[in-house]
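We count ligands from 1, going down the list as the structure has it; atoms in each ligand are counted the same way.
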Amino acid sequence: MSHVFYRDPRRAYPQAAYGRGVYLWDTAGKQYFDAASGALVANLGHGREDVARAIAEQTSKVALAHTSRFSSPVLERFAARVSRVVGEPGWHVYPVSGGSEATETAVKLARHIHLLRGQPGRYRVLSRRASYHGNTLGALAASGLAERKQAYAPLLSDAFVQVAPPSADCPGIGNNGSCACLDAFGEAIARLGAETIAAAIVELVGGSARSGFVAHAGYVAGLRRLCDAHGILLVFDEVMSGFGRTGRWMAFHHEGVRPDLIVTAKGLAAGYAPLGAVLVAEPLFAEVAEHPAFVHGFTYSGNAVSAAAGDAVLAAVEREGLVENAAREGARLRTGLEALAALYGWIRAVRGRGLMLGLLLEDRAGLAAAVTETAWEQGLILYLGHGEAEGGDSEHLLVAPPLVIAPVETDELLARLGNVLDRVAAAG
Ligand code: PLP
């Protein structure tokens, strides 16, 4: 009998034994092609000796230098590297241990900034339906994902308000500089009162709640304008999309629009250590730095081993040109997925950026689960999406292999997926 409290106690989980690159093996010897990078985490692939060495070296020097008293050379090096790769205007890095902690931190920091500005009435957080920002109570309250929230509804603050997400059918920005999707945001601001709103948080490429969805051109810029006009801090949740996944260092680099705060995790240390961070744009940080400390912090904020992992991972992404590889192999994968989609009427769309690609399937309950479960049986790991946008669109999944994927491996992924889709089609 196992003493582990598994996510689903009724399910039998194979035990992962080791991994190399895009592959994993369990203790029974079964091989898996990890086309989900875990949950869009393992950007460097599995079994990296260079990262293992960096972690071991740091652990033997000092693992915990508590950030209430210390910084450390590795934390400084890591933060400087993050700021450099994320680019202009420079960023300050508030380290945490994962995406949910990062969301919580961003929400509290937004509130802190408005208090410093003498605007104590600002506390509400706007987000969107069909979104996911984490499973802790604040991050869950910010998420627009009914099935994860329902049971916990009495615990979730109504300071978090979800508005309609951008529509896939929006004809785009009209002559008035807006569209129905942006109007939904504007109406929520008017209804709640701009003077009560601290921040708006959005994903730029749909993750688990809207696999690969990208809003139409002008939407993100429109959001930036709305937030600026109303003194609302704009937060991009780049937990899944950050650090190379989309074929640029950050998803916001595709948009030409800069946020005030960025929530990151996952690819930041690629699964080699629990690590997340809130990135604060330099001009905003200058405001914060003049004032008493932000009342916040976690025991593992700035843990030196996690920082060593993050630094080694980002160094490898830079050295090996993996952002470029994500763009290149992402294009190859997308072409292959589109060819597969053309064979099956029930694949409605291929969408996303770089190696963060989503398949939107026909609205037949359980279809996406049938694909991901059949794939799992065949040793191909895909990421099942949850939740729906307006009027359906609830069956979707992500295809998001590690950024180290080689062309021959992209071809193998596509061949294995083709086989899975044949099986699902044959099963009706
Ligand atoms: N934000 C997004 C966009 C995510 O995809 C996730 C996790 O999947 C989170 C936040 C929460 O991150 P974590 O699971 O590390 O707490």
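Of the options V239, V202, V96, the smallest heavy-atom separation from atom 9 (C) of ligand 1 is shown by V239. Remark: among candidates S241, S100, A39, the nearest residue to atom 16 (O) of ligand 1 is S100, based on non-hydrogen atoms.
A salt bridge is absent between R248 and E255: the closest approach of a Lys/Arg side-chain nitrogen to an acidic carboxylate oxygen does not fall below 4.0 angstrom. Salt-bridge annotation for R416 and E412: present, with a side-chain N of the basic residue lying under 4.0 Å from a carboxylate O of the acidic one. Under the 4.0 Å criterion applied to side-chain N and carboxylate O atoms, R53 and E49 are not assigned as salt-bridge partners.
Annotation: D237 places an N or O atom under 3.5 Å from an N or O atom of ligand 1; distance criterion only.
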- Task: Test W249 against V317 for side-chain contact (heavy atoms from CB on, under 4.5 Å), laying out the working first.
- Result: CA-CA 10 Å; W249 271 103; V317 173; 3.4 Å; yes
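At the shortest separation from atom 15 (O) of ligand 1 among protein heavy atoms lies G99 N, 2.8 Å. Among all protein heavy atoms, the one lying closest to atom 7 (C) of ligand 1 is K266 CE, 3.2 Å. If you check which protein heavy atom lies closest to atom 5 (O) of ligand 1, you get M240 CG, 3.3 Å.
Heavy-atom contacts from other residues, nucleotides or ligands closer than 6.0 Å to CD of Q15 number 12 or fewer. By the 6.0 Å contact criterion, OH on Y13 is enclosed, its count of non-hydrogen atoms from other residues, nucleotides or ligands being greater than 12.
No heavy atom of E101 sits closer than 4.0 Å to any atom of ligand 1.
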